[in-house]
Protein chains: 2
Amino acid sequence: MENFHHIGSCPIRDVLSKLGDKWTMLIMVTLKTNGTMRFCDIQKTIGDISQRMLTVTLRSLETDGLIVRKVYAEVPPRVEYSLTETGYSLMPHIESLVGWALEHMADIMERRGVREEVRS
Amino acid sequence: MENFHHIGSCPIRDVLSKLGDKWTMLIMVTLKTNGTMRFCDIQKTIGDISQRMLTVTLRSLETDGLIVRKVYAEVPPRVEYSLTETGYSLMPHIESLVGWALEHMADIMERRGVREEVRS
DNA sequence: CGGGATCCGTGCCGATACTG
DNA sequence: CAGTATCGGCACGGATCCCG
């Protein structure tokens with residue numbers, strides 16, 4: 001853990017720019033939990049993701065080699081997504097982070113004041 | 001690791017909304033590496049963070065109880081920041097994620113094509 | 001069913017100027 | 001030194017329409 005930043009590339013910036021967006025982690029956790037899934041099922045599981053963002057994020061994950069996209073030549077079309085080995089190797093670290101969140105997020109929310117209300 | 005999402009709060013969304021922004025993790029890693037630091041030193045270490053974003057992010061981290069802010073009644077003013085116990089407890093999980101990034105980011109960058117060039 | 005293309009609002013963040 | 005205040009760009013992401 002050196003002082004990476006400031007020169008070329010920084011692993012913190014890299015990992016955050018890839019996985020720090022609104023939907024990437026949610027999709028990967030969903031795929032890890034449910035295994036291979038179809039486009040529509042992922043969308044229904046997450047619930048409030050738009051078609052556009054699901055497509056965009058899936059494409060990005062596929063490009064990065066974290067998920068695989070498998071198209072079946074049928075009508076109606078069927079496309080299935082699943083984690084790659086690399087994608088799978090990321091999950092323990094995420095779960096570790098989620099574990100921390102489950103322990104401390106209640107306190108953090110309380111400090112910050114829950115008077116932000118519903119807002120949505 | 002259940003299907004948290006869609007109802008009330010989701011630990012993934014929580015943790016990402018708190019730590020997923022551009023500077024939070026960088027500041028925490030900096031503080032973990034260097035220990036107690038002054039405002040100006042943090043800024044110089046990170047290099048390209050603006051005064052505004054450093055202030056805003058530090059305040060947010062303080063509110064969440066991840067760092068402590070200690071003001072000394074001197075002239076010129078001196079303010080020191082350091083990780084709290086809670087903040088410290090987060091770092092191993094981050095380092096674990098950074099470790100993963102160091103192993104796989106090169107491949108990911110290669111896949112994505114480094115033809116995005118410099119851009120900055 | 002599983003997208004692609006387009007338009008557009010919001011909010012993050014940077015730049016700048018000023019202060020105790 | 002360590003901020004606060006204000007303005008504004010621009011990218012992220014939502015809504016909508018269309019297609020094979």
Side-chain angles (χ1 to χ4, degrees), chain A residues 5-6 10 12-27 30-31 34 36-64 67-82 116 119-120, chain B residues 5-6 10 12-13 16-27 30-31 34 36-64 67-82 112 116-117 119-120:
Chain A
H5 20 269
H6 67 261
C10 160
I12 310 251
R13 302 195 192 213
D14 290 343
V15 82
L16 279 182
S17 69
K18 300 286 179 196
L19 314 141
D21 63 39
K22 192 170 180 180
W23 301 112
T24 297
M25 287 319 217
L26 235 29
I27 292 176
T30 301
L31 284 177
N34 300 80
T36 300
M37 295 180 78
R38 302 181 57 163
F39 185 91
C40 216
D41 292 330
I42 301 176
Q43 188 173 26
K44 274 184 287 188
T45 302
I46 295 185
D48 58 341
I49 187 174
S50 64
Q51 282 194 354
R52 168 188 150 80
M53 286 318 295
L54 183 53
T55 302
V56 169
T57 310
L58 285 172
R59 290 284 184 274
S60 173
L61 284 169
E62 187 194 8
T63 302
D64 292 346
I67 67 172
V68 275
R69 177 182 135 102
K70 200 167 187 177
V71 184
Y72 296 86
E74 305 174 352
V75 275
R78 181 161 59 107
V79 183
E80 290 182 343
Y81 297 90
S82 52
E116 307 176 16
R119 177 170 296 179
S120 62
Chain B
H5 20 270
H6 67 261
C10 160
I12 311 249
R13 303 195 192 213
L16 279 182
S17 69
K18 299 286 179 197
L19 316 161
D21 62 41
K22 192 170 179 181
W23 301 112
T24 297
M25 292 317 252
L26 234 31
I27 291 175
T30 302
L31 284 176
N34 300 80
T36 300
M37 294 180 79
R38 302 182 58 163
F39 185 92
C40 215
D41 291 330
I42 301 176
Q43 188 173 26
K44 275 183 287 189
T45 302
I46 295 185
D48 59 341
I49 187 174
S50 65
Q51 283 195 351
R52 170 188 149 80
M53 287 317 295
L54 182 53
T55 302
V56 168
T57 310
L58 285 172
R59 290 284 184 274
S60 173
L61 285 169
E62 187 194 8
T63 303
D64 292 346
I67 66 170
V68 276
R69 175 183 136 102
K70 199 168 188 176
V71 185
Y72 296 87
E74 304 174 353
V75 276
R78 181 162 59 106
V79 183
E80 290 183 343
Y81 297 89
S82 52
R112 190 169 281 273
E116 308 175 18
E117 306 291 17
R119 177 170 296 179
S120 62

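Every chain is numbered from 1 and lettered A, B, ... according to where its sequence line falls, protein lines coming before strand lines.
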Using side-chain heavy atoms (C-beta onward) and a distance below 4.5 Å, is B/Ser50 in contact with B/Thr55?
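With C-beta onward as the side chain, the pair stays apart.
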Mapping A/Arg52 and A/Tyr81 onto DNA chain C by nearest heavy atom, which one lands closer to the 5' end?
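Per heavy-atom nearest nucleotide, the more 5' residue is A/Tyr81.
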So that I can tick it off, tell me whether A/Lys22 and A/Asp48 are bridged by a salt bridge, with the cut-off set at under 4.0 angstrom between side-chain N and carboxylate O.
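Here A/Asp48 does not pair with A/Lys22 in a salt bridge, since their nearest N and O are not under 4.0 Å apart.
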What's the [atom1]-[atom2] distance between [X] and [N], to the nearest Å?
{"X": "A/Met37", "N": "C/dG3", "atom1": "CE", "atom2": "P", "answer": "14 Å"}
{"X": "A/Glu80", "N": "C/dC1", "atom1": "CD", "atom2": "C1'", "answer": "13 Å"}
{"X": "B/Met53", "N": "C/dA15", "atom1": "CE", "atom2": "P", "answer": "12 Å"}
{"X": "B/Lys22", "N": "C/dC12", "atom1": "NZ", "atom2": "C1'", "answer": "9 Å"}
{"X": "A/Ile46", "N": "D/dG13", "atom1": "CD1", "atom2": "C1'", "answer": "14 Å"}
{"X": "A/Asp48", "N": "D/dG13", "atom1": "CG", "atom2": "C1'", "answer": "12 Å"}
{"X": "B/Arg59", "N": "D/dT4", "atom1": "CZ", "atom2": "P", "answer": "4 Å"}
{"X": "A/Gln43", "N": "D/dA15", "atom1": "CD", "atom2": "C1'", "answer": "13 Å"}

Nearest to side-chain heavy atoms of [X], which nucleotide of [options]:
{"X": "B/Trp23", "options": "D/dC1, D/dG13, C/dC13", "result": "C/dC13"}
{"X": "A/Ser50", "options": "D/dG14, C/dG3, D/dT4", "result": "D/dG14"}
{"X": "B/Pro77", "options": "C/dG2, D/dC1, C/dG3", "result": "D/dC1"}

Using the rule side-chain hydrogen bond (donor to acceptor under 3.5 Å, both in side chains), only one of A/Arg38, A/Arg69, A/Lys70 pairs with A/Tyr81; which is it?
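Filter result, single survivor: A/Arg69.
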Does A/Glu80 form a side chain to side chain contact (heavy atoms under 4.5 Å, CB included) with A/Met37? I'd like the steps, not just the answer.
CA-CA 5 Å; A/Glu80 290 182 343; A/Met37 295 180 78; over 6 Å; no
Using the closest heavy atom to pick a nucleotide of DNA chain D for each, name whichever of A/Gln51 or A/Asp21 lands nearer the 5' end.
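Its nucleotide being nearer the 5' end, the pick is A/Asp21.
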